[in-house]
Amino acid sequence: ARRRAVARPLVPAHMVEQLAQELLGFKGEATAELVASSVRRHLGQATPDRAVLFGLLNKLGRAGRAQELVLLLQCLQQRGVRGACSDAALTCVGVTACGKGGDWRRALVVLGTMLANQVEMDNAVYTAAVSACGKGCVWEQSLVLLGDMARSCMTIDTPTYNAAISACEKGIQWARGLQLLSEMTASHVEMDTITCSAAISACEKGEQWAEAMFLFAEMAATSVEVGSITYSAAVAACGKGGQWARALSLLGEMASAFVERTTVTFSAAVNACGKGGQWPLALDLLGEMANGHVDVNEITYGAAISACEHGQCWQHCLALYGEYRLNFPAPSAMELASVVNSCREASVWVVACTLLDRELRRWLEGDRFDDRPTSDESVRTALQQEGLNVLLQWGGVLALLKPGDVSTNMLEEQVRRSLRSSGGPDVTQVSRLDFVTSGVLVLALGHPRLSASANFVQAQFAARLVVKTYHCLCIGKCIGDLGSTVLRSAPLDITGDGTSCRTSVSQFGREAFTWLRVKACYRLDQSPGMLDDNIFIFLEVRPITGRTHQIRVHLASLGKPLVSDSFYGTQELEAERQWCPRLFLHCSRATLRSADGRVCCAEAALSSDLVAALRTLKKIESEEMLDFDGVGNISRRISKHWQQQEQIAETHLPRVLRQVADGAGFGSEPRRARGGVSASMCLWLQSAIGMGAT
């Protein structure tokens, strides 16, 4: 009788849809009164259907409307909507929706608010929250939630552990993932295929291929089913460890064990062969996929093109790219950049430039992209209201001044949030600066999958077409006369555990080149002596490649570490920080092209804290310069080489540009930029002659 007394009629779906549109259309901060009024107006005393209600919560979560979602949950709880579902089920849907919307913070807001309202939660809600944190790459928060469950004496089952291990995988915390695996064994929680696959993937991302193979062997010895997902994770781990032969062996085991070899597995094997320098085997795997009727997706083509790029086979890169375009008419910028970079390294300039310009024209003329016209002033105003310093904004290129105490990800998120609230475009991270590095940070307006201009900006960075100039202060004797240049070439290997990474010079690393020019020399004013530790070199630096910590490691390997570098610096870090509180590295200029052919050059002067650090030093005049060390002797020879290259540039560059403009195979290509030459051709020819070319 009591149930019959509170029974309410179901609400039609279209009325719930109207409620959703009204909640999504709120301007400013929503209040409990506004949400309750909307619910009364559209629902009355009726009860929404379970599926319809879940759909409403999903819409709010995916749209990032956590405030409206929380208030709606509270309103439904007060109305006693239990005919449709329980309060815990509503909260679980809300948390999951926020997680799918990519906002783990809002997911935790929903969870915390419902806990404050004394809603009894089950492990499904916590599992959804752990999963949301994992998708947001905040593995620490996932483990905090796991601890909360243990303290609340809640059952931590296999799905919850799986979500936590997956969070560790995304955070590259392989050691934490293995620790959770041990906890499962100690607690007698049953492991499944997802558990082991996530743990193996965590080891793979942490470049611990031996641990991954040990887990794989243990899994094969137990009753846990070893399927395609697990094999794919193990093959990927072998690829990260450079064990291409072991990866191919696992692929053969799959055929013998009648385990389906999927596109993901083959893609991982192709990638392993590419990293191992075995590009012919990578092409053989593509043929094997065709014979076995296994679909070749964009990731597979990208791995094969990258393998040929590392093998310096630009003809194969072009052939694969042509095949890629036939199957996928809208390839991403990364694959195009691999082909262009391969042609650049082979000095096939005209082919590279023609390809880049034609792809840009296809992007602009095709129907894949939808570049909404954006007012430069509206974007600049929205960002300045957030306290951001906009250096340049034009045709999909956005350059900001990054302080030395803000991470690139934090700044990008702030820009995205600001533009989203003002109805502006999305933003894509195409470059990054270290946390302690200040200066010009370039972002792309729009999403690469939706914006041609953003795609073009991303392609330029990946193909090394963007010229970035840094200024830094390093320790040690001068490496040459004022104005002399050095080209530092040393392969770099990067290792890390997810929270931090470290780069070192290694013969097994990837090639890296850094161009240096001596701008000035200084010494500590209070130091009467001329000890090496009291001499500082002010350098202009241009990284030709873009490896992690490249400038810092290359200079440290020359015995010239940067001032106040806590990773690669000297033992006198505390003494250095007394007059230079942070790393002396500043990105002062970035030059690239917008989609309409305009040269975009963003500049940022040295930050005030670095200027203050320089003022504490005394400049050494040219006649006081010390004897050069070994690097200086090399630099004088290289300096003479660059001066010769600059003379070549001044003499021949105008003539070469005219020849190309008159007919270097461009045919009916649209003519942009100076002298009728395409935008990328101007940039390429200047890069071809050398970093010293004007």
Side-chain angles (χ1 to χ4, degrees), residues 401-405 408 431-441 466-490 492 503 505 512-524 532-570 572-573 575-577 579-591 602-620 629 631-632 635 638 691:
L401 177 61
K402 176 192 170 299
D405 56 355
T408 298
S431 64
R432 61 177 294 108
L433 296 176
D434 294 340
F435 181 83
V436 288
T437 304
S438 58
V440 180
L441 176 66
V466 179
V467 179
K468 297 179 72 176
T469 303
Y470 292 77
H471 283 92
C472 64
L473 189 69
C474 55
I475 306 169
K477 289 183 179 180
C478 199
I479 58 176
D481 296 317
L482 295 182
S484 61
T485 56
V486 172
L487 181 64
R488 175 58 172 159
S489 170
L492 299 179
T503 305
V505 174
F513 303 95
T514 305
W515 179 90
L516 313 168
R517 185 194 294 273
V518 179
K519 301 293 289 183
C521 282
Y522 295 87
R523 71 175 178 219
L524 278 174
D532 289 359
D533 290 345
N534 297 324
I535 304 299
F536 305 93
I537 319 166
F538 188 60
L539 296 173
E540 176 186 335
V541 183
R542 295 180 189 173
I544 301 174
T545 51
R547 311 301 178 210
T548 301
H549 299 170
Q550 175 176 318
I551 295 174
R552 299 161 67 179
V553 175
H554 269 177
L555 284 170
S557 68
L558 290 174
K560 316 293 177 187
L562 296 189
V563 171
S564 297
D565 192 341
S566 58
F567 262 42
Y568 311 102
T570 65
E572 305 298 327
L573 180 63
E576 294 167 18
R577 284 184 171 172
W579 57 273
C580 184
R582 70 170 176 89
L583 178 73
F584 201 118
L585 181 61
H586 179 83
C587 181
S588 55
R589 186 186 302 112
T591 306
E603 296 183 332
L606 274 179
S607 57
S608 58
D609 55 345
L610 299 184
V611 172
L614 274 183
R615 286 175 179 166
T616 63
L617 304 176
K618 182 178 180 180
K619 194 171 184 179
I620 301 176
D629 56 14
V631 178
S635 74
I638 296 179
M691 294 297 291

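Owing to the predicted nature of the structure, the values given are computational and were not obtained by experimental measurement. Heavy atoms only: backbone and side chains are in, while hydrogens, waters and symmetry mates are out.
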Colleague: List for me each residue that meets ring pair (Phe, Tyr, Trp, His ring centres under 6.0 Å) alongside F538, sequence neighbours excluded, and say none if there are none.
Modeller: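 By the ring pair (Phe, Tyr, Trp, His ring centres under 6.0 Å) rule, F538 matches H471.
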Colleague: Donor-acceptor pair, T545 side chain versus R547 backbone, under 3.5 Å?
Modeller: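 Absent.
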Colleague: Quick one: does K468's side chain have a donor or acceptor within less than 3.5 Å of a partner on P543's backbone?
Modeller: no
Colleague: Restricting to salt bridge (Lys or Arg N to Asp or Glu O under 4.0 Å), what partner residues turn up for R488, sequence neighbours left out?
Modeller: none
Colleague: Do you know the tightest heavy-atom contact between P561 and T570?
Modeller: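 Closest approach of P561 to T570, heavy atoms only: CG-CG2, 3.6 Å.
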Colleague: Taking all non-hydrogen atoms of both residues, which atom of S564 and which atom of C580 are closest, and how far apart?
Modeller: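 So the minimum-distance heavy-atom pair works out to OG-O, 2.6 Å.
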Colleague: For D405, check salt bridge (Lys or Arg N to Asp or Glu O under 4.0 Å) against everything at least two apart and list the hits.
Modeller: none
Colleague: Quick one: are L492 and V553 in side-chain contact, heavy atoms under 4.5 Å?
Modeller: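 Yes - at least one pair of side-chain heavy atoms lies under 4.5 Å apart.
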Colleague: Looking at CG of D434 and OG1 of T408, how far apart are the two atoms once the value is rounded to the nearest 0.5 Å?
Modeller: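 Between atom CG of D434 and atom OG1 of T408 there are 7.5 Å.
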Colleague: Who passes salt bridge (Lys or Arg N to Asp or Glu O under 4.0 Å) against R582, sequence neighbours left out?
Modeller: D609
Colleague: Would you say that S566 contacts L573 through its side chain, given a criterion of any heavy-atom pair below 4.5 Å between the two side chains?
Modeller: yes
Colleague: Quick check: do Y568 and L555 have side-chain heavy atoms less than 4.5 Å from each other?
Modeller: no
Colleague: State the CD1-SG distance between I535 and C478, to the nearest 0.5 angstrom.
Modeller: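 Going from the CD1 atom of I535 to the SG atom of C478 covers 9.5 Å.
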Colleague: Can you name the residues that form a salt bridge (Lys or Arg N to Asp or Glu O under 4.0 Å) with R432, not counting sequence neighbours?
Modeller: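 By the salt bridge (Lys or Arg N to Asp or Glu O under 4.0 Å) rule, R432 matches no residue at all.
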Colleague: Would a 4.5 Å heavy-atom cut-off, applied to side chains only, mark L583 and R552 as touching?
Modeller: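 A side-chain contact exists here, since the closest heavy-atom pair is under 4.5 Å.
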Colleague: Not counting sequence neighbours, which residues clear ring pair (Phe, Tyr, Trp, His ring centres under 6.0 Å) with Y522? List them please.
Modeller: none
Colleague: Quick one: CG on L610 to SG on C472, what's the gap to the nearest 0.5 Å?
Modeller: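 L610 atom CG to C472 atom SG measures 10.5 Å (nearest 0.5 Å).
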Colleague: Write down the atom of C521, the atom of L482, and the distance for their closest heavy-atom approach.
Modeller: N-CD2, 4.4 Å
Colleague: Hey, what do you get for CG (L487) to NE2 (H554), rounding to the nearest 0.5 Å?
Modeller: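 These two atoms lie 9.5 Å from each other.
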Colleague: Would the distance check show the side chain of S489 and the main-chain N or O of F513 forming a donor-acceptor pair, the cut-off being under 3.5 Å?
Modeller: no
Colleague: When rounded to the nearest 0.5 angstrom, what distance separates CD1 in I544 from CD in Q550?
Modeller: 8.5 Å
Colleague: Is there side-chain contact between T503 and F567, with at least one heavy-atom pair below 4.5 Å?
Modeller: no
Colleague: So do Y470 and L433 actually touch side chain to side chain, heavy atoms under 4.5 Å?
Modeller: yes
Colleague: Is a side-chain N or O of S588 found less than 3.5 angstrom from the main chain of T469, in a donor-acceptor match?
Modeller: yes
Colleague: Using the side-chain contact (heavy atoms from CB on, under 4.5 Å) rule, pick out the option among L473, V436, D565 that qualifies with F584.
Modeller: L473
Colleague: So, taking the atom named CD in E540 and the one named CG in L516, what distance separates them when rounded to the nearest 0.5 Å?
Modeller: 10.0 Å
Colleague: Could you tell me if the side chain of K560 sits less than 4.5 Å from the side chain of L539, heavy atoms only?
Modeller: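 Side-chain contact under 4.5 Å: no.
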Colleague: Using a 4.5 Å cut-off on heavy atoms from C-beta on, say whether the side chain of I551 contacts that of T437.
Modeller: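 Sidechains of I551 and T437: no contact.
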